[in-house]
2 protein chains.
Amino acid sequence: MNSDFTLAIHSLTLLALQPDRMATSEVISESAGVHPVRIRKVLSLLKKHGFIKSKEGTGGGFIFALDLSEISLWDIYKITSEGALQPKCPDSNEHCIVGANMQKVLFGIFLGAEEHLGEYLRDYTIKEVVDLVKRK
Amino acid sequence: MNSDFTLAIHSLTLLALQPDRMATSEVISESAGVHPVRIRKVLSLLKKHGFIKSKEGTGGGFIFALDLSEISLWDIYKITSEGALQPKCPDSNEHCIVGANMQKVLFGIFLGAEEHLGEYLRDYTIKEVVDLVKRK
DNA sequence: CATATCTGTAACGTTTAATATTACAGTACA
DNA sequence: TGTACTGTAATATTAAACGTTACAGATATG
């Protein structure tokens, strides 16, 4: 699993806890333990989808754009990691019945697996993640 | 997703199609397009769990040990890739409420996700994969 | 019983993907 | 006009995946 997904969750959770003021990529990166540029890359995806807003210049940063319960982990997964479940098989032997067909069979199975995972992730919103973080 | 999982599925499917005679790691590796040593490594795991038998020396190789419908993709996943869904987050900042708690919150969520995936993978046995490969 | 053919496994090398870093243009504020 | 941000591309570094070599042990076969 790609860590862009968890970085996005981490960032959104942090933003959710300070809905009134902006957070810079540096503050977020210190919380998440990664480089600020990575945060900006991931958050630019989330911005593109309207989950957050950003502002450049002094006093700028990132801020939540929607209600906490409007964003599910599945939404975030689709943006940051869609297809990540799909294993990248090497090209197998076309002259073998198994080699020739396995790839598309597996593709179908993993497609179904991702959809199934979606059912699970849809049930978690950022609001719930925030509650879990606060409680613990 | 680790490709050991798909290699195991590939190998078992091939073995399932020739239940009467042994297949060498070289034959399997040619079908799957990887190095024979990798096949032997993956298959040694499957052997350890009793899914297949192996024989060394001339005329040796690997052969199915159970009924095709006794092995589900979930069984194989657990052997080859358990925990693969769990993203490896960097150590985050303990002085931040988000950084300090996010890791265990995410751990719990991904644990649940893997269990949920299990429900899906349990429904596919090697027999069904074989049928899909034959049909297509 | 000597040789060829396999598995089993460790050690090492190579390739590829993930991540960090640097750099700098553009924006906004004071 | 200088300072503090985002946005993004280019490059460097690190880590993971994978391939390769090597060889010991097992087993059939001539």
Side-chain angles (χ1 to χ4, degrees), chain A residues 1-8 10-11 14-15 18 21-65 80-81 83-92, chain B residues 1-8 10-11 14-15 18 21-65 80-81 83-92:
Chain A
M1 181 70 62
N2 189 334
S3 79
D4 282 2
F5 183 37
T6 55
L7 271 183
H10 192 122
S11 304
L14 195 146
L15 293 183
Q18 51 168 69
R21 66 184 192 286
M22 301 207 127
T24 67
S25 62
E26 190 170 349
V27 165
I28 301 171
S29 79
E30 274 164 13
S31 169
V34 299
H35 200 277
V37 172
R38 266 196 86 196
I39 297 292
R40 298 208 286 271
K41 271 183 202 158
V42 172
L43 293 194
S44 84
L45 284 174
L46 298 179
K47 182 190 176 185
K48 201 175 296 175
H49 287 78
F51 294 176
I52 59 175
K53 287 178 289 191
S54 71
K55 206 167 75 175
E56 302 182 13
T58 306
F62 300 90
I63 197 163
F64 233 91
T80 59
S81 310
L85 235 53
Q86 208 64 237
K88 40 210 158 320
C89 331
D91 289 335
S92 47
Chain B
M1 179 73 60
N2 189 334
S3 78
D4 281 4
F5 182 39
T6 53
L7 271 183
H10 192 121
S11 304
L14 194 145
L15 293 182
Q18 52 167 70
R21 66 185 193 285
M22 301 206 127
T24 67
S25 62
E26 190 172 348
V27 165
I28 301 172
S29 79
E30 275 164 13
S31 169
V34 298
H35 199 277
V37 172
R38 267 196 83 196
I39 296 292
R40 297 208 285 272
K41 272 182 200 158
V42 172
L43 292 195
S44 84
L45 284 175
L46 297 179
K47 182 190 176 184
K48 201 175 294 175
H49 286 78
F51 294 176
I52 58 175
K53 287 179 288 192
S54 72
K55 206 168 75 176
E56 302 182 13
T58 306
F62 301 90
I63 197 162
F64 233 91
T80 59
S81 310
L85 234 55
Q86 208 65 237
K88 42 212 157 325
C89 330
D91 289 336
S92 47

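In this text, all values refer to a predicted model and were calculated from it rather than measured experimentally. Keep in mind that the numbers below use all heavy atoms, side chains included, and drop hydrogens, waters and symmetry copies. Below, read A as the first sequence line, B as the second, and so on, with proteins coming before strands; counting in each chain starts at 1.
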Worksheet, complete the sentence: Hits for ring-ring contact (aromatic ring centres under 6.0 Å, His included) against B:Phe5, two or more places apart or cross-chain, chain-then-number order -> A:Phe110, B:Tyr77
Item to complete: Give me the residues of residues 28-39 of chain A where at least one heavy atom lies under 4.0 Å from an atom of DNA chain D, by number, or none.
Response: A:Val37
Cut-off 3.5 Å, no hydrogens considered: what does the side-chain donor-acceptor table look like for residues 23-36 of chain B, sequence neighbours left out?
unit_1	atom_1	unit_2	atom_2	d
B:Thr24	OG1	B:Glu26	N	3.4
B:Thr24	OG1	B:Val27	N	3.1
B:Ser25	OG	B:Arg40	NH1	3.1
B:Ser29	OG	B:Ser25	O	3.4
B:Ser29	OG	B:Glu26	O	2.8
B:Ser31	OG	B:His10	NE2	2.8
B:His35	ND1	B:Val37	N	3.2

Tabulate protein N/O versus nucleotide N/O from nucleotides 14-16 of chain C, keeping only pairs under 3.5 Å, one per line.
none

Discussion item. What is the distance, to the nearest angstrom, from the NZ atom on A:Lys88 to the C1' atom on D:dA16?
Written reply: 10 Å
Response to the item:
To the nearest angstrom, the CZ-P distance between A:Phe5 and C:dT19 comes to 14 Å
Tell me which donor-acceptor pairs under 3.5 Å the side chains of residues 41-49 of chain B have, and how far apart each pair is, sequence neighbours excluded?
unit_1	atom_1	unit_2	atom_2	d
B:Ser44	OG	B:Lys41	O	2.9
B:Lys47	NZ	B:Ser54	OG	3.0
B:His49	ND1	B:Leu45	O	3.1

Item to complete: Report the nucleotide, chosen from D:dG19, C:dC6, D:dT8, that has the shortest atom-to-atom distance to any side-chain atom of B:Lys41.
Response: D:dG19
Item to complete: For B:Lys55, enumerate each residue passing the side-chain contact (heavy atoms from CB on, under 4.5 Å) test, keeping only those at least two apart in sequence or located in another chain.
Response: B:Met22
Worksheet item: Under 4.0 Å between a side-chain N/O of B:Ser3 and OP1 or OP2 of D:dA17, yes or no?
Response: no
Worksheet item: In whole Å, what is the span from the CE atom of B:Met22 to the P atom of C:dC6?
Response: 12 Å
Worksheet entry | Residues in side chain to side chain donor-acceptor pair (under 3.5 Å) contact with A:Gln86, at least two apart in sequence or another chain | none
Anything under 3.5 Å between a protein N or O and an N or O of nucleotides 1-3 of chain C, put it in a table, one pair a line.
none

Worksheet item: Taking NZ from A:Lys47 and P from C:dT27, how many angstroms apart are they, rounded to a whole number?
Response: 11 Å
Fill in: Contacting residues from residues 49-65 of chain A, given that a heavy atom lies under 4.0 angstrom of DNA chain D
A:Ser54, A:Lys55, A:Glu56, A:Gly57, A:Thr58, A:Gly61, A:Phe62
Worksheet entry | A:Arg40 CZ to C:dA25 P, straight-line distance once rounded to whole Å | 15 Å
Discussion item. Between P on D:dT6 and CG on A:Leu45, what's the gap in Å once rounded to a whole number?
Written reply: 16 Å
Discussion item. To check you understand the geometry: which heavy-atom pair defines the closest contact between A:Leu15 and A:Phe62, and what is its length?
Written reply: CD2-O, 3.4 Å
Fill in: Rounded distance in Å - CG (B:Leu7) to C1' (D:dC18)
10 Å
Discussion item. What is the distance, to the nearest angstrom, from the CZ atom on B:Arg21 to the P atom on C:dT5?
Written reply: 19 Å
Worksheet item: When you look at A:Thr6 and A:Ser3, which way does the side chain to side chain contact (heavy atoms under 4.5 Å, CB included) test go after all the steps?
Response: CA-CA 5 Å; A:Thr6 55; A:Ser3 79; 3.9 Å; yes
Fill in: B:Leu85 and A:Leu85: CA distance, side-chain angles, deciding distance, side chain to side chain contact (heavy atoms under 4.5 Å, CB included) verdict
CA-CA 8 Å; B:Leu85 234 55; A:Leu85 235 53; 3.7 Å; yes
